[in-house]
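Report on one structure; see the data block that follows.
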Amino acid sequence: MAKNLVIVESPSKAKTIERFLGKDFVVKASMGHIRDLHKNDLSIDLDNNFEPQYEIPKDKHKVVEELKKDVLKADVIWLASDEDREGEAIAWHLKEALRLKSETTKRIVFNEITRQAIINAVGNPRDIDENLVNAQQARRVLDRIVGYQISPVLWKKVKPALSAGRVQSVAVRLIVEREEEIKQFIPKVTYKTTAIFDILASEKQTLSAVLNRSFESKDEALAFFEACKGAIFTVKAVETKPAKLSPAPPFTTSTLQQEASRKFGFPVSKTMQVAQKLYEEGKITYMRTDSVNLSSFAIGMAKNEIIALYGENYVNTRNYKTNTKGAQEAHESIRPTHMENRTIEGDASEKRLYELIWKRTLATQMADALLERTTINIEVSGRQEAFVAKGEVVLFDGYLKVYSVSVDSEDEEEDLDARLPKIAQGDKLLLLSSKAQQTYSLHPARYNEATLVKKLEDLGIGRPSTYAPTITTIQKREYIVKEDRPAQKREVNVITLSKGEIKSADIKENYGTEKAKLFPTDIGVIVTNFLVANFKDIVDYNFTAKVEKEFDSVAQGKKDWHKMIASFYTPFNKEVTVATKEAEKATGERLLGIDPESKKSVYARIGRYGAMIQIGDKDQEEKPRFASMPKDRRIDDITLAEALKLFDMPRILGKKDTEEVSVNIGRFGPYVKYGKSFVSIPKTDDVYTITLARAIELIDSKPSKEKQVLKSFDNDKIQVLSGMYGPYIKSGGANYRLPKEIVIEQLTMEQCQEIINKSPKKKTTRKPVSAKK
DNA sequence: CAGTGAGCGAGCTTCCGCTTGACTT
């Protein structure tokens with residue numbers, strides 16, 4: 001009979017620990033937090049010291065009920081949630097919600113799941129750290145106040161159902177401001193010069209080099225080439241320097257997301273899903289962590305594996321220190337649980353992610369790579385400039401044997417082994433050819449999901465458990481979109497020097513291609529501008545860092561959390577009041593021009609349902625006309641002509657049989673309407689120019705999706721239909737699920753009636769009209 | 001994942017951070 005109940009956060013962890021503790025212990029999981037503020041209101045008593053009002057949310061009722069039963073059977077309760085602010089609060093909430101007595105309740109912590117660590121923990125219990133709990137309460141209350149008081153201001157001043165928050169609003173701001181920087185960016189165009197030399201001293205060997213100066217103008221480049229014609233090229237210096245490369249630290253949540261994005265193009269949510277699966281199957285350690293710590297056990301395993309695979313001289317064990325802002329280090333870094341497994345069973349994504357984690361972990365305990373970097377300087381007689389050739393030779397590959405270097409914004413991995421031909425100081429070279437090409441300087445790079453996570457982590461904003469959900473939220477709210485952009489073409493001038501002849505030509509160059517990058521939407525820009533204007537300190541990049549310092553003071557018992565929140569709330573509440581009373585409605589309105597027909601103004605702006613075009617003003621006698629913004633246009637870039645075209649909709653094309661065929665732009669893009677049926681118009685067709693013939697073609701190609709009636713009773717009052725999710729019962733305008741085990745052929749009217757009567761009364765949950773999933 | 005194709009207007013929307021399994025019309 002078990003007399004001890006241990007409560008941890010996750011079920012996988014519970015399973016492992018139970019094995020270590022023996023039969024006197026039962027280990028259960030709380031599944032994270034079990035209490036929270038009420039979902040539908042502020043739930044903070046502003047007039048009573050910000051007292052939070054907690055409840056057990058619906059989806060946690062079952063867990064809590066189960067835990068209550070387990071508590072009754074146990075003599076001692078061990079609260080073993082994580083050793084950080086949130087974990088301490090979970091322990092406290094458990095104690096409160098389960099009404100645990102102090103005498104029989106013990107708080108234990110361990111940050112390594114090994115038998116020894118857990119036995120040590122059980123031998124050293126402590127009390128719940130109230131200061132740490134209060135720091136969490138302060139964090140929770142502040143986030144609730146910020147989110148639930150700013151969001152309603154947005155509903156009133158911008159658009160219903162919008163949201164703002166300490167984390168998400170800053171994430172959106174980063175995207176909006178980066179896009180603005182890109183828009184303001186003026187590229188600098190210079191001539192970059194390269195050359196290929198013949199090494200006279202050695203046969204058939206050539207050397208590529210780059211000029212150490214970029215020319216501002218074509219004239220300068222031409223003048224340089226003129227001078228090159230009769231010049232002598234001499235090797236002035238050959239410098240060789242040793243260099244070493246060290247492996248990157250073990251994976252944390254954010255670095256795993258970045259590498260999986262760079263190497264496999266995984267969105268952060270995919271990385272987390274796959275990692276979760278690997279964790280549940282016991283193949284890797286916990287995947288939500290900000291720690292780069294490896295247990296001594298893990299280091300030992302890695303060492304053995306390296307010796308077995310590559311030999312002793314490839315081993316160099318290391319311990320890494322976390323220096324991320326706000327890191328709480330409740331877990332180990334992300335690593336394989338069994339280093340001897342180079343690969344695993346599973347689907348392609350699981351295999352790839354696991355192998356990435358395995359390689360990265362192994363590499364951290366391997367020797368540095370030793371390189372030799374060589375720089376050759378080539379003098380051009382009569383000129384100040386010099387050509388430079390660089391090369392690198394790997395003398396000892398070390399960790400590079402398993403883990404190659406990858407660089408952001410570069411798809412290819414760095415080629416480390418670029419050997420240079422043998423060459424000596426004083427050698428004379430023959431210029432075979434040289435090329436000066438106009439080169440545009442690059443604007444700052446747009447964020448993708450993973451680089452945005454990196455930036456947030458650098459700013460100390462968000463936590464490993466929230467990076468992926470935050471990225472999803474700001475896309476769901478339509479503040480930002482993830483998009484590809486095709487390459488554009490531009491002409492660049494190229495000057496070549498070959499066989500004593502200088503030629504100039506213009507060639508076409510691709511540029512500006514983007515893949516899965518984050519762009520702000522109209523709403524994102526308008527909301528960000530509104531927040532910066534009215535809640536400057538909240539969307540400040542340092543706001544989180546600032547309040548984290550105060551939470552730390554609370555955690556150390558140096559500050560009272562109520563007082564901390566009070567000193568934040570007073571000025572904040574003033575901002576909310578002022579914004580509610582005085583701020584103009586933020587519509588992002590832009591005057592496009594005058595409609596030549598009606599002589600009225602044409603605007604692009606945000607409306608209740610998103611971006612739209614408006615002709616005329618609302619205080620004029622005649623009501624304004626509206627049209628929604630096309631999907632591929634924004635307030636910033638739509639032209640007057642494009643806007644006016646929208647008012648030609650719906651366009652009546654003609655008739656098919658006796659029914660009218662028309663086209664229009666709806667909620668889900670352009671469509672053809674034929675009688676009562678609708679067919680989407682694919683992107684390859686243009687709704688403004690589509691012909692009747694093509695529209696009929698689209699109508700005919702649409703598979704008829706007549707609902708198949710499988711059975712019918714009582715004069716069609718009860719019908720069994722075949723739907724998207726399989727067969728279902730339709731009766732009195734409502735639909736009912738069919739139990740899986742029912743055989744349709746044998747279904748009787750009485751059975752149907754029973755299913756209908758038994759089905760719970762459903763609430764009509766209406767989703768916001770514009771929300772598309 | 002799919003299916004869908006407003007406009008009246010009452011009532012609702014919303015945060016961050018822990019953690020899994022929801023199971024549709």
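Just so you know, these numbers come straight off a predicted model, no measurement behind them. Hydrogens, waters and symmetry mates play no part in the numbers below; they use all other heavy atoms, side chains included. Just so it is clear: chains get the letters A, B, ... in the order the sequence lines come, proteins before strands, and each one is counted from 1.
- With B:dT20, B:dG17, B:dT19 as the candidates, the nucleotide lying closest to the side chain of A:D36 is B:dG17.
- One finds a salt bridge joining A:E86 and A:R139 here, because a Lys/Arg side-chain nitrogen approaches an Asp/Glu carboxylate oxygen to under 4.0 Å.
- Spacing of C1' atoms, B:dG9 relative to B:dT13, comes out at 16 Å, to the nearest Å.
- Looking at heavy atoms from C-beta onward, A:E18 lies in side-chain contact with A:V26 at the 4.5 angstrom threshold.
- With both ends at atom P, the span from B:dC23 to B:dG3 equals 23 Å, rounded to whole Å.
- Of the residues A:Q137, A:R140, A:H38, the one that meets the side-chain hydrogen bond (donor to acceptor under 3.5 Å, both in side chains) test with A:Y54 is A:Q137.
- For B:dG21 and B:dG17, the P atoms lie 23 Å apart once the distance is rounded to whole Å.
- Between A:T466 and A:M287, the residue anchored closer to the 5' end of DNA chain B is A:T466, taking for each the nucleotide with the nearest heavy atom.
- When the side-chain nitrogen and oxygen atoms of A:R463 are compared with OP1 and OP2 of B:dT19, none of them lie within a distance under 4.0 Å.
- Here the side chain of A:Y671 is nearest to one of B:dG17, B:dT19, B:dG5, namely B:dG5.
- The nucleotide whose nearest atom lies closest to any side-chain atom of A:P152 is, among B:dG17, B:dT14, B:dT19, B:dT14.
- For A:H33, whose side chain is taken as the heavy atoms from C-beta onward, the closest listed nucleotide among B:dT13, B:dG21, B:dC18 is B:dC18.
- Counting to the nearest Å, the P atom of B:dG17 and the NZ atom of A:K39 are 18 Å from each other.
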